[in-house]
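As the structure lists them, so they are numbered: ligands from 1, and atoms in each ligand from 1. Positions are given from 1 along the sequence.
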Amino acid sequence: MIKIAPSILSADFAAMGKAVEALKEQGADWVHFDVMDGNFVPNITFGPGMCKAIRPLTDLPIDVHLMVEHPSDWIEPFRSAGADILTIHVESAERHLHRALQAIRAAGMKAGVVLNPATPICTCVHLLSECDLVLLMSVNPGFGGQSFIPETLSKIRALKAEIAARNLPTLIEIDGGVNPDTAKLCIEAGADVLVAGSAVFKAPDPKAMIAALRG
Ligand code: DX5
Ligand code: ZN
């Protein structure tokens, strides 16, 4: 069953609590939490303080996507802020991705790596046993509301084949430009989790949109 993870990057920041509280009833599976440091990506969003603030408002897993240069510095702050899942970019300044993934799991969270659109899947193949999930970016990270990059579909298929061949439980998450049309293509290609920011939060009826994304 496909999971839908609305990205609160596209929520109304002045009404964040209400937006998070509504997600479960609207049919969301995870809360996607986009952390940007103004360095790894050309934008700044929010950090552990926001995670701590929304933690009491939902029992859905909080899926933290770290778009930061030094992800290892943020493992403990997000653990104590109540995050459930932490994903780190293979393109970040972290030299020891394998160790960082082990540290995330040792802190009691699910761990994963993220690949930018230009990054081939071979960069995560030797990390899969340490990954509960791999997040494939289907837009260049930094902003919501961009168009889905179609080459992502062949990356999903190739990664799915690798995971299946090794009989691993690793989930494939897709992030960026997901709408009902691109969601269908991602699901057909083998995606397990779909992040959707503007599609959900700009929809007149977010519940109907989440249902439409499931197909
Ligand atoms: C982009 C973020 C995404 C973003 C997706 O850097 O990682 O999670 O919020 O937004 P949409 O769904 O609008 O492309
Ligand atoms: Zn994201």
Side-chain angles (χ1 to χ4, degrees), residues 2-13 16 19-20 23 26-48 50-51 54 60-69 71 74 78 83-92 104 109-119 124 131-153 155-156 171-187 191-204 206 209-210 212-214:
I2 191 86
K3 293 185 194 311
I4 307 295
S7 166
I8 60 169
L9 177 62
S10 296
D12 176 359
F13 280 19
M16 187 57 85
V20 170
L23 284 173
Q26 290 168 347
D29 297 289
W30 294 356
V31 179
H32 188 76
F33 191 97
D34 285 307
V35 180
M36 303 186 190
D37 66 352
N39 188 13
F40 181 74
V41 286
N43 197 4
I44 295 177
T45 54
F46 36 66
M50 175 72 91
C51 185
I54 66 164
L60 295 178
I62 299 180
D63 168 33
V64 176
H65 174 193
L66 287 179
M67 286 163 275
V68 304
E69 268 301 86
W74 300 100
F78 275 103
D84 299 280
I85 302 161
L86 218 54
T87 58
I88 62 178
H89 271 263
V90 301
E91 308 86 357
S92 73
I104 294 168
M109 295 177 283
K110 299 221 182 290
V113 285
V114 191
L115 275 56
N116 278 335
T119 304
C124 72
C131 288
D132 297 291
L133 70 165
V134 173
L135 172 49
L136 300 179
M137 290 306 303
S138 40
V139 297
N140 288 296
F143 304 94
Q146 304 179 79
S147 297
F148 184 87
I149 297 171
E151 284 82 354
T152 312
L153 297 170
K155 291 174 75 175
I156 301 173
L171 300 177
I172 301 177
E173 182 176 28
I174 306 303
D175 187 2
V178 171
N179 59 38
D181 295 334
T182 57
K184 184 169 186 289
L185 299 173
C186 290
I187 294 167
D192 302 292
V193 186
L194 301 177
V195 175
S198 42
V200 170
F201 287 102
K202 310 291 181 224
M209 177 52 70
I210 290 172
L213 292 172
R214 286 186 201 285

For ligand 1, which atoms, with element, lie under 4.0 Å from some heavy atom of [X]?
| X | answer |
| --- | --- |
| Asp34 | 2 (C), 3 (C), 4 (C), 7 (O), 8 (O), 9 (O) |
| Ala196 | 12 (O) |
| His32 | 8 (O) |
| Met67 | 6 (O), 7 (O) |
| Met36 | 6 (O) |
| Gly176 | 14 (O) |
| His65 | 7 (O) |
| Val195 | 8 (O) |

Please name the atom of [X], restricted to N, O or S, that is closest to the Zn ion (ligand 2).
| X | answer |
| --- | --- |
| His32 | NE2 |
| Asp175 | OD2 |
| Asp34 | OD1 |
| His65 | ND1 |

For [atom], grab the closest protein heavy atom and report residue, atom and distance to one decimal in Å.
| atom | result |
| --- | --- |
| atom 13 (O) of ligand 1 | Ser198 OG, 2.5 Å |
| atom 10 (O) of ligand 1 | Gly144 CA, 3.5 Å |
| atom 14 (O) of ligand 1 | Gly177 N, 2.8 Å |
| atom 6 (O) of ligand 1 | Gly142 N, 2.8 Å |

Are any of the N/O atoms on [X], whether in the backbone or the side chain, positioned under 3.5 angstrom from an N/O atom of ligand 1?
| X | answer |
| --- | --- |
| Val139 | no |
| Gly197 | yes |
| Asn140 | no |
| Pro141 | no |
| Asp175 | yes |

Inset, instruction - Side-chain contact test, heavy atoms from C-beta onward, threshold under 4.5 Å: evaluate it for Val193 versus Leu133 and give yes or no. - result: no

Query raised in the report: Any side-chain heavy atom of Leu9 sitting closer than 4.5 Å to one from Met36?
Result: yes

Worksheet item: So with a 6.0 Å cut-off around CH2 of Trp74, is the heavy-atom count from everything else above 12?
Response: no

Handout entry: Near-ring test Phe40/His89, centroid separation under 6.0 angstrom
Key = yes

Do any N or O atoms from the side chain of [X] and from the backbone of [Y] form a donor-acceptor pair under 3.5 angstrom?
| X | Y | answer |
| --- | --- | --- |
| Lys202 | Ser10 | yes |
| Asp132 | Ala111 | yes |
| Asp175 | Val195 | no |
| Glu173 | Asp192 | no |
| Asp37 | Asn39 | yes |
| Thr45 | Asp34 | yes |

Exercise for the section: Give a yes/no verdict on whether any heavy atom in Phe143 is under 4.0 Å from an atom of ligand 1. Expected result: yes

* To do: Given side chain to side chain contact (heavy atoms under 4.5 Å, CB included), test Val139 with Phe148 step by step and report yes or no.
  => CA-CA 6 Å; Val139 297; Phe148 184 87; 5.7 Å; no

When you look at Ile156 and Ile174, which way does the side chain to side chain contact (heavy atoms under 4.5 Å, CB included) test go after all the steps?
CA-CA 9 Å; Ile156 301 173; Ile174 306 303; 3.5 Å; yes

Within the 4.0 Å heavy-atom cut-off, what Ser7 brings close to ligand 1 is side chain

The residue among Leu136, Leu135, Ile88, Thr119 that forms side-chain contact (heavy atoms from CB on, under 4.5 Å) with Val114 is Leu135

* To do: Flag the pair Asp29 and Arg214 as a salt bridge only when some basic side-chain nitrogen lies within less than 4.0 angstrom of an acidic carboxylate oxygen.
  => yes

